Amino acid sequence: MAELNITGLKTGSTSLKLTAGKVTKTVPITVLSRNLLSYGPAEGNGLTATVNSDGSLHVTGTAVKQWAGLSWKFPCPVQGTVILSRPTSVDGLTVSVKCLDAKGGQLGSQLNVGNAGVIPAGTVSLRFEILCTEATPTAKDGDLRIQLESGDTARDWMKPDNTSLRGRL
């Protein structure tokens, strides 16, 4: 039996019409972003995040203290090796992803920018965080493009599929 491989060029939905002899089948196809993060507008701890038209995050404000910031919790979309990348940054802010079990407890080490890691067994959700690293926080006003993707190689940034998830403290 022959195998057919299809590679999506951009995100979105379409269909594929297959015909073999007198049999025709139309198969719906959805191409998802390789960026596995989910985020959206958030406000707290002195910081505000809004979503730009390209899907990146715009962060403004002054954090109330060091290691304070914003977070988004969402179902874990994959298992296996992943890499977190950040092609744009804002001085004084760090980003990370934590793997959580069913009770919200952290499993393993957090995923940091530039290092491939493995999503531990038992992970049911992820928590994406943007935190202030400064001992004396200063005002922020900049754009972040952050990507979590399968594999151990960071590729060009692309907008995540979900940019409407409300952030939390």
Side-chain angles (χ1 to χ4, degrees), residues 7-8 11 30-52 54-135 137-138 140-169:
T7 301
T11 59
T30 301
V31 177
L32 300 174
S33 173
R34 72 176 164 272
N35 190 342
L36 304 171
L37 292 176
S38 290
Y39 55 67
E43 186 173 352
N45 290 316
L47 296 176
T48 299
T50 56
V51 179
N52 294 318
D54 70 352
S56 62
L57 282 171
H58 185 76
V59 180
T60 59
T62 304
V64 295
K65 63 182 180 178
Q66 186 177 31
W67 306 119
L70 304 168
S71 71
W72 295 261
K73 183 179 173 184
F74 54 95
C76 183
V78 298
Q79 297 293 312
T81 302
V82 294
I83 189 163
L84 183 65
S85 60
R86 181 188 63 196
T88 62
S89 62
V90 175
D91 288 344
L93 295 179
T94 188
V95 300
S96 64
V97 173
K98 292 181 171 73
C99 301
L100 308 175
D101 63 20
K103 294 182 180 179
Q106 184 174 333
L107 295 169
S109 300
Q110 70 183 18
L111 302 167
N112 295 306
V113 172
N115 297 319
V118 175
I119 305 267
T123 299
V124 297
S125 59
L126 300 177
R127 187 171 63 232
F128 167 50
E129 298 178 334
I130 299 174
L131 302 176
C132 175
T133 61
E134 300 168 323
T138 59
K140 306 296 171 215
D141 187 3
D143 296 328
L144 292 170
R145 288 177 182 81
I146 305 111
Q147 181 157 290
L148 178 69
E149 62 186 300
S150 292
D152 59 7
T153 303
R155 294 176 282 177
D156 290 341
W157 179 84
M158 73 186 317
K159 174 184 176 179
D161 290 320
N162 184 358
T163 57
S164 61
L165 179 66
R166 282 280 180 200
R168 39 198 299 171
L169 301 177

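Being a predicted model, the structure only gives us computed values, none of them experimental. The basis for the numbers below is simple: all heavy atoms, side chains too, and nothing from hydrogens, waters or symmetry mates.
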> Taking all non-hydrogen atoms of both residues, which atom of Arg166 and which atom of Pro41 are closest, and how far apart?
Replying inline: NH1-CB, 3.1 Å

> Minimum heavy-atom separation for Glu134 to Gln66, with atom names?
Replying inline: O-CB, 3.2 Å

> Do the side chain of Thr62 and the main chain of Pro137 share a donor and acceptor less than 3.5 angstrom apart?
Replying inline: no

> Just by modelled atom types, is the Ser33 backbone N or O under 3.5 Å from a matching donor or acceptor in the Asp161 side chain?
Replying inline: yes

> Of all heavy-atom pairs between Thr60 and Asp141, which one has the smallest distance, and what is that distance?
Replying inline: CG2-OD1, 3.4 Å

> Parallel under 30°, tilted from 30 to 60°, perpendicular over 60°: which one fits the rings of Tyr39 and Phe128?
Replying inline: tilted

>> As an exercise, state the distance from CG of Asn115 to OG of Ser96, rounded to the nearest 0.5 Å.
In response: 12.0 Å

> Between the main-chain N or O of Cys132 and the side-chain N or O of Lys65, is there a donor-acceptor pair closer than 3.5 Å?
Replying inline: no

>> I'd like to check Cys76 versus Leu126 (side-chain heavy atoms, cut-off strictly below 4.5 Å). Are they in contact?
In response: yes

> Got a second to check how far Lys98's NZ is from Glu129's CD, nearest 0.5 Å?
Replying inline: 3.5 Å

> Considering all heavy atoms of both residues, which atom of Gln147 and which atom of Asp156 are nearest to each other, and what is their separation?
Replying inline: NE2-O, 3.4 Å

> Any side-chain donor paired with an acceptor under 3.5 Å for Ser164 and Asn162?
Replying inline: yes

> Out of Asn35, Val97, Val95, Val113, which one pairs with Ile146 under the side-chain contact (heavy atoms from CB on, under 4.5 Å) rule?
Replying inline: Val95

> Of Leu107, Leu100, Val78, which meets side-chain contact (heavy atoms from CB on, under 4.5 Å) against Thr123?
Replying inline: Leu107

> When you measure from the side chain of Thr81 to the backbone N and O of Val118, does any donor-acceptor pair fall under 3.5 Å?
Replying inline: no

>> Rounded to the nearest 0.5 Å, what separates atom CD in Glu43 from atom OG1 in Thr48?
In response: 4.0 Å

> Closest approach of Trp67 and Leu131, non-hydrogen atoms and distance?
Replying inline: O-CD2, 3.7 Å

> Taking atom types as modelled, is there a side-chain donor on Ser56 or Asp54 under 3.5 Å from an acceptor on the other?
Replying inline: yes

> What are the two closest non-hydrogen atoms of Val51 and Gly40, and how far apart are they?
Replying inline: CG2-CA, 3.7 Å

>> Treating Asn52 as the side-chain partner and Gly55 as the backbone partner, does any N or O pair qualify as donor plus acceptor under 3.5 Å?
In response: no

> Going from NZ on Lys103 to OG on Ser125, what distance comes out if it is rounded to the nearest 0.5 angstrom?
Replying inline: 14.0 Å

> With distance as the sole test, does Asn45 use its side chain to make a donor-acceptor pair with the main-chain N or O of Leu47 at under 3.5 Å?
Replying inline: no

>> Between Leu144 and Val90, does the side-chain contact (heavy atoms from CB on, under 4.5 Å) criterion hold? Intermediate values first, please.
In response: CA-CA 7 Å; Leu144 292 170; Val90 175; 3.8 Å; yes

>> For the OG1 atom of Thr163 and the CG atom of Leu57, what is their distance to the nearest 0.5 Å?
In response: 8.5 Å

> How far does SG of Cys99 sit from CD of Gln110, to the nearest 0.5 angstrom?
Replying inline: 10.0 Å

